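Read the structure below first, then the notes.
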Amino acid sequence: MSDSLKYRICELARELGFDECRIAPAAEAKHAPSFDQWIADGCHGDMTWMERNPERRKDPRVVLPGAKSIIVLALNYFQGDTIPRSQPGQFARYAWHADYHDIIEKKMKPLTAELESHGGNQKQYVDYGPVLERDFASEAGLGWNGKSTVQIHPKLGTWFFLSEIITTLDLPPDPPMNDHCGKCTACIDACPTDAITRDRHLDARKCISYLTIEHKGPIPEEFRAPIGDRIYGCDDCLTVCPWNRFAKTSADLQFQMPPEIASKPLRDFLALDDDAFRTLFRKSPIKRIKRPAFLRNVCVALGNIGTEDDLPALQAAADDPDPLINEHATWAITQITARLT
């Protein structure tokens, strides 16, 4: 029964558009002690939610009593090598358009329903739940954890989302995959802020993705120049991975960047009020960081690459009542003015 159910779940996952479906046993995550130390060292920055209920994060059987298996799913979001932005201002690829949480949650519902029909209790997560998902992806043989801590798949490269269904059903596990990073250090060497401090150890406090997305306060001045024109996340450690030579373009058009974002000059983002921001990014994961943090990022990018033409927009932003926006706009004006003298 368990073999036939596993086959049915994997077939259904492929029908729903997932690129990979594999099974890990529900057990304590292999890197649980490392996670504890990472938190103790403060490498999570102000992501204080990671500190709460650490036992739930390390062991899915605490999240779902009686859990036996974890179904790990991969969804390709690679949109090819062509960058859609005709203007400066880089977005991480996963945020080019549709919010992947919404897309994946919709795809997972039939899988959960199938498991329920066989008597299982389930919990499903799309990177927002208390699950050390890359540990379980590696345990299931869905790629391996790279030196940047990003999961790598031999056919998808680095461009895929992970999601999980924890279930009380006992499904046959898949074997782990060997680590194929070898002596390569391309991801470590590419990091603009040296946030990858050693193999498979990321100090989030230095990471551009953390600084532009998770961090809610002012961006430390020492990291503003290395951010360059990145306004939401950073793909540098993913892009340089040699395994991306096998990545294929996703057929899902929901991950393409809409033209109203692709063609917008950086300074025009500064004119967005709260309503306009929510409207422009209503289908995007970018909406989650809210207008002040996003405009903070835009100001930093303009401070790094902006010209005299950008000064009027920045001067208006410097009068914004939100201190996060006006402080970074003032900094950007100072940087551009210095380049003009």
Side-chain angles (χ1 to χ4, degrees), residues 35 38-39 41-50 75 77-79 83 85 88-101 104 126-128 132-134 137 145-152 157-163 186-241 244 255 257 261 266 269 281 284-290 292-301 303-304 324 328:
F35 173 74
W38 188 75
I39 293 292
D41 291 341
C43 292
H44 60 307
D46 55 14
M47 295 185 289
T48 54
W49 46 270
M50 285 191 162
L75 181 65
Y77 67 86
F78 185 53
Q79 288 297 316
I83 303 299
R85 284 274 295 169
Q90 299 180 53
F91 295 84
R93 283 179 178 271
Y94 80 84
W96 280 2
H97 187 29
D99 191 330
Y100 64 96
H101 297 91
I104 297 175
V126 186
D127 87 6
Y128 47 64
L132 295 178
E133 61 180 8
R134 283 166 291 177
N145 194 234
K147 292 179 181 178
S148 65
T149 75
V150 169
Q151 198 73 6
I152 302 171
T158 59
W159 309 116
F160 61 97
F161 298 117
L162 287 173
S163 56
C187 57
I188 298 174
D189 300 336
C191 181
T193 56
D194 296 323
I196 309 169
T197 56
R198 60 180 184 272
D199 288 5
R200 298 173 180 84
H201 188 276
L202 177 76
D203 189 338
R205 296 167 295 185
K206 298 180 178 181
C207 176
I208 292 174
S209 286
Y210 164 80
L211 291 167
T212 58
I213 300 174
E214 299 294 347
H215 183 56
K216 306 309 178 189
I219 294 176
E221 289 203 24
E222 66 184 293
F223 296 123
R224 293 183 188 183
I227 283 174
D229 72 334
R230 301 172 186 84
I231 54 177
Y232 189 89
C234 176
D235 281 336
D236 284 23
C237 66
L238 288 82
T239 302
V240 299
C241 180
N244 285 327
F255 295 128
M257 184 178 287
I261 295 176
L266 265 178
F269 286 118
F281 295 113
S284 165
I286 296 167
K287 65 181 179 291
R288 298 174 183 273
I289 69 168
K290 301 184 172 57
F294 181 70
L295 296 197
R296 170 201 64 187
N297 300 343
V298 172
C299 288
V300 170
N304 290 326
L324 194 63
H328 288 77

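All residue numbers in this chain count up from 1 along the given sequence. Below, each value reflects all heavy atoms present in this structure, side chains not excepted, and no hydrogens, waters or symmetry copies. It should be emphasised that the depicted structure is a prediction, and the values quoted were computed from it without experimental measurement.
For the side-chain contact (heavy atoms from CB on, under 4.5 Å) test, residues two or more places apart in sequence or in another chain that qualify with R205 are C43, D203. Residues passing the ring pair (Phe, Tyr, Trp, His ring centres under 6.0 Å) test with F161 are Y77, Y100, F255, sequence neighbours excluded.
When atom types are taken as modelled, the side chain of D236 and the backbone of P192 share no donor-acceptor pair closer than 3.5 angstrom. Listed for the R134 side chain is no donor-acceptor partner under 3.5 Å among the backbone atoms of G146. A distance-only check finds a donor-acceptor pair linking the side chain of N304 to the backbone of R224 [under 3.5 Å]. Remark: side-chain polar atoms of N297 are paired, donor with acceptor, to backbone N or O of T212 under 3.5 angstrom. Checked by atom type and distance alone, the side chain of T158 never pairs as donor or acceptor with a backbone atom of I152 at under 3.5 Å. Under a 3.5 Å cut-off, the side chain of R296 and the backbone N or O of I219 do not form any donor-acceptor pair.
With a 4.5 Å cut-off on side-chain heavy atoms, I261 and W96 do not count as touching. In this structure, E221 and V300 have side chains that are not in contact, with every pair of non-hydrogen atoms separated by 4.5 Å or more. Looking at heavy atoms from C-beta onward, D99 lies in side-chain contact with R288 at the 4.5 angstrom threshold. W159 places a side-chain heavy atom less than 4.5 Å from the side chain of D235.
The CG atom of D46 lies 5.5 Å from the NE2 atom of H215; values are rounded to the nearest 0.5 Å. In this structure, CG in L162 is found 4.5 Å from CD in E133, a value given to the nearest 0.5 Å. For the atom pair L202 CG and C207 SG, the distance stands at 5.0 Å (nearest 0.5 Å). Rounding to the nearest 0.5 angstrom, the gap separating the CZ atom in R200 from the OG1 atom in T149 is 10.0 Å. Taken to the nearest 0.5 Å, the CD1 atom of I286 stands 4.5 Å off from the CZ atom of F91. We find the CD-CG distance between Q90 and L266 to be 10.0 Å, quoted to the nearest 0.5 Å.
Across H328 and P218, no two heavy atoms sit closer than the pair CE1-CA, 3.4 Å. Across all non-hydrogen atoms, the minimal contact from I208 to P226 is CD1-O, 3.7 Å. The two atoms that bring A204 and Y210 nearest to each other are O-CD2, 2.8 Å, heavy atoms only. Listed here is the closest heavy atom pair of E214 and K216: O-CE, 3.2 Å. Residues L211 and P220 come closest through the heavy atom pair CD2-CD, 4.0 Å.
Between F294 and F269, the two ring planes are perpendicular [angle over 60°; tilted spans 30° to 60°].
Remark: K290 NZ is loosely packed, at most 12 non-hydrogen atoms of other residues, nucleotides or ligands lying under 6.0 Å away.
Checked by atom type, the side-chain pair D127/H101 shows a donor-acceptor distance below 3.5 Å.
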